[in-house]
Amino acid sequence: MSTEPLLSVTGLTKHFPVKRGIVFQSAVGTVRAVDGLTFDVAPGETLALVGESGCGKSTTGRLVLRLIEATQGTIRFGGRDVRSLSRGALRDLRRDMQIIFQDPYASLNPRLTVGETLAEPLKLHGIATGEALRRRIDELLGEVGLSAWHALRYPHEFSGGQRQRIGIARALASQPKLIVCDEPVSALDVSIQAQVINLLQDLKAKLGLSYIFIAHDLAVVRHISDRVAVMYLGKIVELAPKRSLFARPRHPYTQALLSAVPVPDPTAQRARIRLAGDVPSPLNPPKGCRFHTRCAHAQDRCRQEEPLLLPLKDGGAEGQVVACHFAESIVPPALVPENDPPYAKRLAALRKLSAAA
C-alpha cells in the first residue's frame with residue numbers, strides 16, 4: 001500500500017444546535033456528535049469505526065462525503081480540500097467517494113427498476129450512454145453476483161441480501177476509490193452477512209478499493225478490517241492495527257467492548273468487564289476524559305484533563321494510539337486471542353461461510 005494517505009481527516013467536528021420554539025426558535029444547547037477526530041485511510045486499506053450506538057460513527061462517514069457539513073476540521077481526499085470545493089467540483093469528486101447504506105430496504109427507490117437505479121450515476125457523471133450504458137449495467141450486476149436480466153426487476157422482487165448487492169453495484173457504478181460502508185450487513189442474516197463481506201473483500205482486491213467500514217459486530221470487523229478506530233461519545237479513544245487491538249487492547253473502553261463479544265460456548269469461562277451507568281448525553285459531555293464516569297481506573301486527573309490520542313510510552317504496537325492518561329499502567333486482559341477456542345469458533349464459522357459464499 002502507498003504511504004501517502006488517500007483520505008486525511010484532521011480535527012473533524014460536527015455540533016448540532018438544539019433549538020426550542022415554533023416560530024422564534026432559540027438555541028438551547030449543542031449536541032457534540034463528532035468532536036475533533038483525526039485519522040487517515042491509505043489506498044487499499046479498510047479502516048473500521050466501532051463503538052456504541054450514538055457515538056458518531058455514521059455521522060463521521062457522512063461528514064467525510066460532505067453529505068452533511070462539518071462544523072470545523074479538515075478533510076483532504078487525494079490531496080484536495082473537500083470542504084472548500086464548489087458544488088460542481090464536489091460533484092466531480094463524488095465519482096471517487098461513494099456510500100453503501102445500512103438498510104437495503106430503504107436505500108433503493110421502489111419506483112425505479114434496478115437498471116434505472118444503476119443508470120442514474122452513470123448518466124449523471126457522463127460515464128456511459130446508449131449501448132455502452134446497457135453493457136456497463138450488465139457488468140455491474142455481474143460483479144456483485146447478479147444476472148443481467150435482474151436489471152428489469154423492481155427492488156420489492158429481491159431479498160435483503162440481493163438488495164444490498166444492488167446497493168453495492170450502485171456504489172461501484174462511478175468507479176470510486178473510497179466507499180463508506182455504513183453497517184452494510186447489520187440488517188442481514190448471518191449466512192448472508194458472510195456472502196456480502198466476502199463480496200466486499202473480493203471487490204477490494206480486484207478494484208483496489210479503500211473502505212471506511214462502520215459496524216457493531218466485532219467478529220465482522222476482525223474479519224474485514226486492516227485497522228480499527230474505537231469511538232466513544234464523539235471521540236476516537238483507541239486506533240490500532242486489527243491484530244494489535246484484538247490481541248492487546250489498551251483503552252479501558254476497548255477492553256470492555258471486546259469482553260462483551262458473545263461466544264457460542266455456554267461453558268466458556270471469560271471475564272466480562274461490566275461498565276457502570278449509561279453513556280453520558282452528548283448535549284453535556286463530562287469534563288476531562290469522557291469515559292471517566294464509567295471507568296474503573298479513573299483518577300482525579302481523568303476528571304479534569306482530557307487525554308490526547310497519542311502513542312504509548314511503553315512502545316505498544318506500531319501504529320497504536322490511545323487516549324488514556326494511564327494506558328501504560330492498566331494491565332490489558334487476554335480477552336480474545338486468535339487461538340481462544342470460544343472466540344475462534346465464532347470467527348472460524350464466519351470464515352467458513354465466507355469461503356463457501
Side-chain angles (χ1 to χ4, degrees), residues 7 14 33-34 41 46-70 75 77 82 90-91 93-122 124-125 137 140-141 143-146 150 153-190 192-201 203-204 207 209-217 220-221 224-225 231:
L7 174 73
K14 180 60 180 179
V34 174
V41 179
T46 299
L47 174 68
L49 299 181
V50 303
E52 294 172 274
S53 296
C55 69
K57 305 185 300 297
S58 295
T59 301
T60 300
R62 284 161 171 73
L63 288 171
V64 166
L65 299 175
R66 258 190 79 180
L67 296 179
I68 54 178
E69 294 292 342
I75 306 168
F77 181 85
V82 176
L90 182 61
R91 173 182 289 187
L93 185 66
R94 289 232 168 97
R95 283 195 59 171
D96 295 329
M97 306 193 324
Q98 290 293 317
I99 185 169
I100 301 168
F101 294 99
Q102 176 180 0
D103 189 352
Y105 294 91
S107 60
L108 299 176
N109 189 333
R111 297 188 177 186
L112 298 181
T113 65
V114 170
E116 291 169 336
T117 296
L118 298 182
E120 277 192 327
L122 295 172
L124 180 65
H125 295 293
I137 291 172
L140 288 168
L141 290 172
E143 285 182 342
V144 298
L146 296 175
H150 283 133
R153 298 172 65 179
Y154 288 88
H156 72 270
E157 300 178 79
F158 294 90
S159 66
Q162 289 174 319
R163 291 188 193 200
Q164 198 60 294
R165 289 174 183 267
I166 295 167
I168 294 171
R170 179 177 58 187
L172 294 174
S174 63
Q175 299 174 320
K177 297 176 182 176
L178 173 72
I179 298 180
V180 175
C181 305
D182 188 5
E183 302 197 46
V185 298
S186 62
L188 307 177
D189 293 339
V190 174
I192 306 302
Q193 286 183 12
Q195 294 176 19
V196 173
I197 292 167
N198 193 47
L199 172 63
L200 289 172
Q201 288 184 306
L203 291 171
K204 175 185 172 182
L207 304 175
L209 298 171
S210 297
Y211 294 138
I212 295 178
F213 194 88
I214 300 166
H216 282 95
D217 191 332
V220 171
V221 167
I224 196 172
S225 66
M231 293 186 64

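When reading the values below, keep in mind they use all heavy atoms of this one structure, side chains included, and skip hydrogens, waters and symmetry mates. Predicted, not measured: the structure shown is a model, and the values here were computed from it.
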In Å and rounded to the nearest 0.5 Å, what is the CD to CD1 distance from Q162 to I166? 7.0 Å
Okay, side chain of Q164, backbone of P184: is any donor-acceptor separation there less than 3.5 Å? yes
Rounded to the nearest 0.5 Å, the CD1 atom of I214 sits from the CG atom of L47 at a distance of 9.5 Å
Distance-only, no hydrogens or angles: does the Y211 side chain make a donor-acceptor pair with backbone N or O of I224 under 3.5 Å? no
If you compare all heavy atoms of N109 against all heavy atoms of P155, which two are closest, and at what distance to 0.1 Å? O-CG, 3.5 Å
Taking ring-ring contact (aromatic ring centres under 6.0 Å, His included) as the cut-off, I'd like each qualifying pair that reaches into residues 156-180, sequence neighbours left out, listed once. H150-F158
Are there more than 12 heavy atoms of other residues, nucleotides or ligands under 6.0 Å from atom NZ of K14? yes
Looking only at atom types and distance, does a side-chain atom of Q201 sit under 3.5 Å from a main-chain N or O of N198, one as donor and one as acceptor? no
Should M231 and T60 count as side-chain neighbours, where that means a heavy-atom distance under 4.5 Å? yes
If only atom types and distance count, is the side chain of R163 paired as donor or acceptor with the main-chain N or O of A106 below 3.5 Å? no
Could you tell me if the side chain of L7 sits less than 4.5 Å from the side chain of I75, heavy atoms only? yes
Considering only heavy atoms from C-beta outward, does the side chain of P121 approach that of R94 to under 4.5 Å? no
What ring-ring contact (aromatic ring centres under 6.0 Å, His included) pairs are there with at least one residue in residues 95-116, not counting sequence neighbours? none
Note, F213 side chain near V220 side chain (heavy atom, < 4.5 Å): yes
Under the side-chain contact (heavy atoms from CB on, under 4.5 Å) rule, what do I100 and L200 come out as? Steps first, then yes or no, please. CA-CA 11 Å; I100 301 168; L200 289 172; 4.0 Å; yes
Closest heavy-atom contact between G51 and K57? O-NZ, 3.2 Å
Do side-chain atoms of R62 reach the backbone of I68 as a donor and acceptor pair under 3.5 angstrom? no
H125 side chain near R91 side chain, heavy-atom distance below 4.5 Å: yes
Are the side chains of E120 and R170 in contact, using a 4.5 Å heavy-atom criterion? no
Applying salt bridge (Lys or Arg N to Asp or Glu O under 4.0 Å) to R66 and not counting sequence neighbours gives E69
Between L178 and I212, is a side-chain contact (heavy atoms from CB on, under 4.5 Å) present by the stated rule, with each step listed? CA-CA 8 Å; L178 173 72; I212 295 178; 4.1 Å; yes
When you compare the side chain of L118 with that of L141, does any pair of heavy atoms fall below 4.5 Å? yes
All heavy atoms of A171 vs all of I179, minimum pair found to be CB-CD1, 4.3 Å
Least distance between heavy atoms, L207 atom then L172 atom: CD1-CD2, 3.9 Å
Taking all non-hydrogen atoms of both residues, which atom of R165 and which atom of V144 are closest, and how far apart? NH1-O, 2.7 Å
Calculate, to the nearest 0.5 Å, the distance between atoms CD1 and OG1 belonging to I137 and T113 respectively. 8.0 Å
Value for CG (D96) from CG (L65), rounded to nearest 0.5 Å, stands at 11.5 Å
If I take atom CD1 from residue I168 and atom SG from residue C181, how far apart are they, to the nearest 0.5 angstrom? 7.5 Å
I need the minimum non-hydrogen distance between G56 and V34, along with the two atoms involved. O-CG2, 3.7 Å
Test item: S186 and Q102 side chains (from C-beta on) under 4.5 Å apart, heavy atoms: yes
Where the side chain of Q193 meets the backbone of L188, is there a donor-acceptor pair that is under 3.5 Å apart? yes
Determine yes or no for a side-chain-to-main-chain donor-acceptor pair under 3.5 angstrom, with R153 supplying the side chain and V114 the backbone. no
